[in-house]
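So the structure is just underneath, and the comments pick up after that.
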Amino acid sequence: LRTLTGSNAAMAIVGAVAFSEFFLLTLYMQDVLRYSAVQTGAAFAAFALTVVVISNVAQAVVSRFGVRPTLTIGLLASAASVAWLTRLPVDGQYFWDLFPAFVLGGAGMGLSFVPITIGALTGIERSDAGVASGLVNTSRQIGGAIGIAAISAIAATSTSNYARAHAGVTADSAAALDHGFQVALYVLTGLLLLGAVIA
């Protein structure tokens with residue numbers, strides 16, 4: 001079933017991006033902006049609340065426009081959000097550099113999870129619904145695990161390369177870390193665009 005295959009591929013990408021994005025942004029806020037753990041958690045509230053609100057709206061959007069258009073819009077919105085984050089500066093400001101991307105990204109995720117779940121169960125026999133549901137949840141977890149491993153390696157390598165290329169800059173400096181995060185976010189943007197093509 002093409003819809004089942006496409007939904008699982010999209011879910012693996014969404015899982016990879018979601019897990020990796022939260023990981024990178026947590027490090028950015030704590031290691032570059034010097035937020036505390038509590039401040040970092042509070043900063044993500046905008047993302048989480050937007051996901052909750054838009055997920056409730058997404059079912060009506062899917063009913064009106066269909067799975068593919070809704071999922072495509074969701075993935076493109078997520079890609080735009082992560083693309084916004086690629087410009088994160090060393091001296092970033094929450095309400096200018098992070099908040100708009102969090103709201104847009106939350107909307108994108110809300111518009112992605114619902115159609116993916118619907119698509120993963122479309123055309124499935126009732127007796128196979130449990131297997132299909134388990135499969136899409138597994139795709140998310142596997143995507144997240146592989147995503148974090150790959151993105152961590154990309155960010156760390158980019159940080160080290162930046163430090164080597166700039167005299168007097170260490171790998172744990174804010175500038176080097178920020179560069180590594182930016183490169184990793186470019187990769188995540190590309191993954192989301194690939195997801196939109198799959199959708």
Side-chain angles (χ1 to χ4, degrees), residues 3 5-29 40-88 92 94-122 136-137 139-148 150-151 154-155 181-199:
T3 304
T5 303
S7 295
N8 277 278
M11 182 60 96
I13 289 172
V14 169
V17 171
F19 282 59
S20 302
E21 181 181 6
F22 289 140
F23 179 68
L24 292 173
L25 293 175
T26 297
L27 293 177
Y28 169 76
M29 286 187 273
T40 301
F44 281 118
F47 199 109
L49 290 173
T50 307
V51 170
V52 170
V53 171
I54 299 300
S55 292
N56 286 301
V57 174
Q59 189 168 357
V61 176
V62 171
S63 296
R64 178 160 185 171
F65 298 104
V67 169
R68 279 193 213 173
T70 306
L71 177 55
T72 303
I73 290 168
L75 290 169
L76 290 175
S78 294
S81 167
V82 178
W84 176 281
L85 293 170
T86 60
R87 50 169 290 287
L88 288 176
Y94 177 73
F95 281 105
W96 172 249
D97 297 304
L98 293 169
F99 182 78
F102 282 0
V103 172
L104 182 59
M109 287 292 173
L111 289 171
S112 297
F113 280 124
V114 173
I116 286 175
T117 304
I118 293 170
L121 296 172
T122 299
V136 76
N137 284 312
S139 295
R140 184 183 72 244
Q141 296 296 331
I142 290 174
I146 294 172
I148 285 182
I151 290 301
I154 290 167
F181 299 148
Q182 288 175 340
V183 171
L185 288 165
Y186 276 114
V187 173
L188 294 181
T189 302
L191 267 179
L192 287 166
L193 292 174
L194 173 62
V197 170
I198 291 171

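Computed from heavy atoms alone, side chains included, the values below leave out hydrogens, waters and symmetry copies. Just so you know, these numbers come straight off a predicted model, no measurement behind them.
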If only atom types and distance count, is the side chain of T26 paired as donor or acceptor with the main-chain N or O of F22 below 3.5 Å? yes
Atom pair CD (E21) and CD1 (I151), whose distance is rounded to the nearest 0.5 Å: 10.5 Å
Please give me the minimum heavy-atom distance between G147 and A16, naming the atom from each residue. CA-CB, 3.9 Å
Which heavy atom in V14 sits nearest to a heavy atom in S112, and how many Å separate them? CG2-CB, 4.3 Å
Of I154, V17, T86, which meets side chain to side chain contact (heavy atoms under 4.5 Å, CB included) against L185? T86
Donor-acceptor contact present, side-chain Q59 to main-chain V114, <3.5 Å: no
Greater than 12 external heavy atoms within 6.0 Å of R87's CZ: yes
Distance (rounded to the nearest 0.5 Å) between L75 CG and T70 OG1: 11.0 Å
Do L121 and V136 have side-chain heavy atoms sitting under 4.5 Å apart? no
With sequence neighbours excluded, residues passing side chain to side chain donor-acceptor pair (under 3.5 Å) with S139: N8
Taking the inter-plane angle between the rings of F44 and F102 on a 0 to 90° scale, is it parallel (under 30°), tilted (30 to 60°) or perpendicular (over 60°)? parallel
Taking all atoms of both residues into account, what is the closest heavy-atom pair of Y94 and P100, and its distance? O-CD, 4.5 Å
Check the pair Y28 / L88 against side-chain contact (heavy atoms from CB on, under 4.5 Å), numbers first and verdict last. CA-CA 9 Å; Y28 169 76; L88 288 176; 3.8 Å; yes
Mind checking whether V57 and V61 have side chains closer than 4.5 Å, heavy atoms only? yes
At what distance, to the nearest 0.5 angstrom, does CG of L85 lie from OG1 of T189? 8.0 Å
What pair of heavy atoms forms the shortest contact from G6 to I198, and how long is it? O-CG2, 3.9 Å
Separation of I142 CD1 from M11 CE (nearest 0.5 Å): 12.5 Å
Show the nearest heavy-atom pair for residues T72 and A199, with the distance to one decimal. OG1-CB, 3.5 Å
Roughly how far apart are F181 CZ and L24 CG, rounded to 0.5 Å? 6.5 Å
Can you tell me how far CD1 of I54 sits from CE of M109, rounded to the nearest 0.5 angstrom? 13.5 Å
V67 versus P115, closest heavy-atom pair with distance: CG1-O, 3.4 Å
Can any side-chain N or O of T40 pair as donor or acceptor with the backbone N or O of M29 at less than 3.5 Å? no
